[in-house]
Protein chains: 2
Amino acid sequence: MTSPSVLKLRHIFDMSPEEERLLDGIAARKVELPKGADFVVQGESDEAAYVMLAGWALRHRQLADGRRQILNFLLPGDWAGLTTILFSTADHSVTAVTPVVVAPVSHADMTGLFRDHSRLALAIYWTAAQEEAVVAEHLVDVGRRNAYERLGHLFFETVLRLEAVSQAGDDGTFDFPLNQTALADALGLSHVHVNRTLKRLRREGLVEIEGRKARVLDRNKLEQAVHFESTYLHLGGEPAWLRRRFARSARPGNQG
Amino acid sequence: MTSPSVLKLRHIFDMSPEEERLLDGIAARKVELPKGADFVVQGESDEAAYVMLAGWALRHRQLADGRRQILNFLLPGDWAGLTTILFSTADHSVTAVTPVVVAPVSHADMTGLFRDHSRLALAIYWTAAQEEAVVAEHLVDVGRRNAYERLGHLFFETVLRLEAVSQAGDDGTFDFPLNQTALADALGLSHVHVNRTLKRLRREGLVEIEGRKARVLDRNKLEQAVHFESTYLHLGGEPAWLRRRFARSARPGNQG
DNA sequence: CGTCGGGTTGATTTACCTCAAGCAACGTGG
DNA sequence: CCACGTTGCTTGAGGTAAATCAACCCGACG
């Protein structure tokens with residue numbers, strides 16, 4: 001089965017069979033981590049990056065007085081700890097929300113990848129850039145949208161991201177393992193207010209939440225209600241001229 | 001005179017004379033843009049990246065109904081539009097706050113740089129990663145800090161960043177060309193509330209604002225008042241083992 | 001000399017927060 | 001298999017940080 005990291009990159013990137021094999025090879029070194037495991041720890045220096053293969057994780061920063069802010073959520077196909085190769089100490093933690101399957105990539109392997117497979121390096125850089133764009137949108141959420149829009153926006157974003165890696169059902173159903181406290185810490189709200197706002201979203205027939213599953217009921221209505229603008233996800237399938245640029249950037253020596 | 005882009009990277013990176021010359025060479029192609037100029041436009045596809053050499057710019061996202069969120073501020077030594085090489089349309093705009101001096105770098109030159117000077121490419125990637133870390137901290141600000149902390153935090157961050165490129169005076173004075181509306185859009189507040197909170201910061205003797213200049217009066221007091229934690233800036237001077245890693249990642253063919 | 005961008009201030013409203021409690025589902029251990 | 005702590009969800013009451021609305025002031029500038 002093709003790994004989610006391959007699935008995700010196919011959206012923007014014509015990968016050669018060899019490149020796909022290489023990525024799948026990385027993904028083959030599966031490690032299972034229990035729910036709650038921290039695989040990057042704020043303030044510490046870490047020794048590897050990780051590709052998410054299954055499950056949910058979150059990136060968050062902790063303040064000294066206990067307040068915390070969740071930066072974003074990591075879904076299958078996302079990378080964690082890419083910056084550990086650049087910074088001496090991590091400025092955030094990455095924690096498993098559910099049991100997760102990851103593939104660790106040592107720094108040595110990373111630099112090798114960057115050296116010998118510059119197209120894949122560019123693809124990984126693309127992933128990091130997309131993540132940055134998602135975090136920026138969360139900043140827009142928290143800075144300029146109200147609680148109702150923030151929550152709706154997060155649901156909409158999540159469906160789109162999960163669909164990009166074939167992890168959402170046809171009927172709009174998807175795994176949603178976040179509790180209301182996590183939502184609060186992600187959206188800059190209190191869990192009480194999250195609760196009341198979720199109630200409203202349910203009452204208005206926009207989303208449905210049952211246990212650890214969620215479902216977007218009326219896509220168009222939700223999109224309009226929260227003024228969703230999907231450009232920042234860059235999942236629209238990039239135009240040919242851009243795909244060509246990726247190709248051009250290949251160095252001689254990488255298989256043709 | 002060494003360009004700010006070189007100054008900034010020296011903090012984390014042992015650059016060879018040739019690499020410094022190359023960066024300074026990029027910086028030699030100066031272009032002046034007037035205050036208010038958009039050099040990256042949300043929704044459009046752009047043809048170059050830019051190194052900031054002088055002046056202030058800001059990155060922001062605009063919502064359809066007019067609300068906007070400023071993501072971060074670009075100071076001398078920062079890069080703008082790095083992702084235009086990866087995405088078909090920009091998800092944000094970059095606008096000059098003051099008249100700015102930039103050096104445009106075409107996509108062709110960028111890919112050449114990545115191909116032939118992988119250490120410099122890594123340094124530029126470092127810059128992008130640091131910017132991501134700053135945006136993430138702004139998310140923490142807006143999500144989990146009150147107006148007073150947000151403003152104080154921004155002042156503190158700004159001094160540190162300006163000092164890293166030798167653009168702040170010894171007495172804590174620095175150029176600060178943002179009006180209160182810009183502060184509001186950056187911090188997720190109304191300009192009225194920004195005004196009142198600034199008054200409080202002044203009254204308490206933490207900062208001084210005169211025209212387009214600002215000054216941090218009591219560094220320690222401000223740091224404590226807003227619980228500033230500087231790790232996310234990664235400006236502490238990276239330890240030797242990390243600098244060595246950058247060196248190791250050099251490919252044969254790059255000088256020395 | 002009018003207009004415009006920017007700062008300041010007051011009065012009022014509101015979208016959230018905090019505190020507090022109750023309840024259901026669940027695992028754990030005795 | 002019952003007592004229990006725990007975790008997560010829900011609801012109410014009351015409080016507050018910050019928004020909104022509305023002036024007014026000032027200096028710059030054409």
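The structure displayed is predicted, hence computed values, not measured ones. We name chains A, B, ... by the order of the sequence lines, and we start the count at 1 in each one.
Here B:N179 lies in heavy-atom contact (under 4.0 Å) with sugar-phosphate atoms only. Among the heavy atoms of the strands, none lies under 4.0 Å from A:G211. When heavy atoms are screened at a 4.0 angstrom cut-off, B:R144 is found touching no nucleic acid atom at all.
Both tests do not hold together for B:R59 against B:F73: distance to the six-membered ring centre under 6.0 Å, angle to the ring axis within 45°. A cation-pi geometry, defined here as NZ or CZ lying under 6.0 Å from the six-membered ring centre and within 45° of its normal, does not hold between A:R215 and A:F174.
Atom CG in B:N195 sits roughly 13 Å away from atom C1' in D:dC24 (whole-Å rounding). The distance between atom CZ of A:R200 and atom P of D:dT10, rounded to the nearest whole Å, is 17 Å. As a whole-Å value, the separation of B:H193 NE2 from D:dC21 P is 17 Å. A straight line from CG of A:L189 to P of D:dA17 spans 17 Å, rounded to a whole angstrom. One can place CD of A:Q180 at 10 Å from P of D:dT11, the figure rounded to the nearest angstrom. Rounded to whole Å, the distance from CZ on A:R203 to P on D:dT11 is 10 Å.
Distances shorter than 4.0 Å separate none of the side-chain N or O atoms of B:N146 from OP1 or OP2 on D:dA17. Between B:R145 and D:dA18 there is no side-chain polar atom (N or O) within less than 4.0 angstrom of OP1 or OP2.
For A:K213 and A:E208, the salt-bridge test fails: no basic side-chain N is under 4.0 Å from an acidic carboxylate O. Salt-bridge formation is detected for the pair B:D185/B:R68: a Lys NZ or Arg NE/NH1/NH2 atom is positioned less than 4.0 Å from an Asp or Glu carboxylate oxygen. Under a 4.0 Å N-O distance rule, the pair B:E157/B:R161 qualifies as a salt bridge. Ion pairing between a basic and an acidic side chain is recognised when a charged N comes within 4.0 Å of a carboxylate O; B:R202 and B:E210 show no such pairing.
Each of A:S190 and B:R212 lies near DNA chain C, and the nucleotide nearest B:R212 is the one positioned closer to the 5' end.
A nucleotide of DNA chain C counts as in contact with chain A when one of its atoms lies under 4.0 Å from a heavy atom; the first and last such, 5' to 3', are C:dC16 to C:dC19.
The nucleotide whose nearest atom lies closest to any side-chain atom of B:R196 is, among D:dT11, D:dC9, D:dT20, D:dT20.
With rounding to the nearest 0.5 Å, the separation of CG in B:D46 from OG1 in B:T89 is 10.5 Å.
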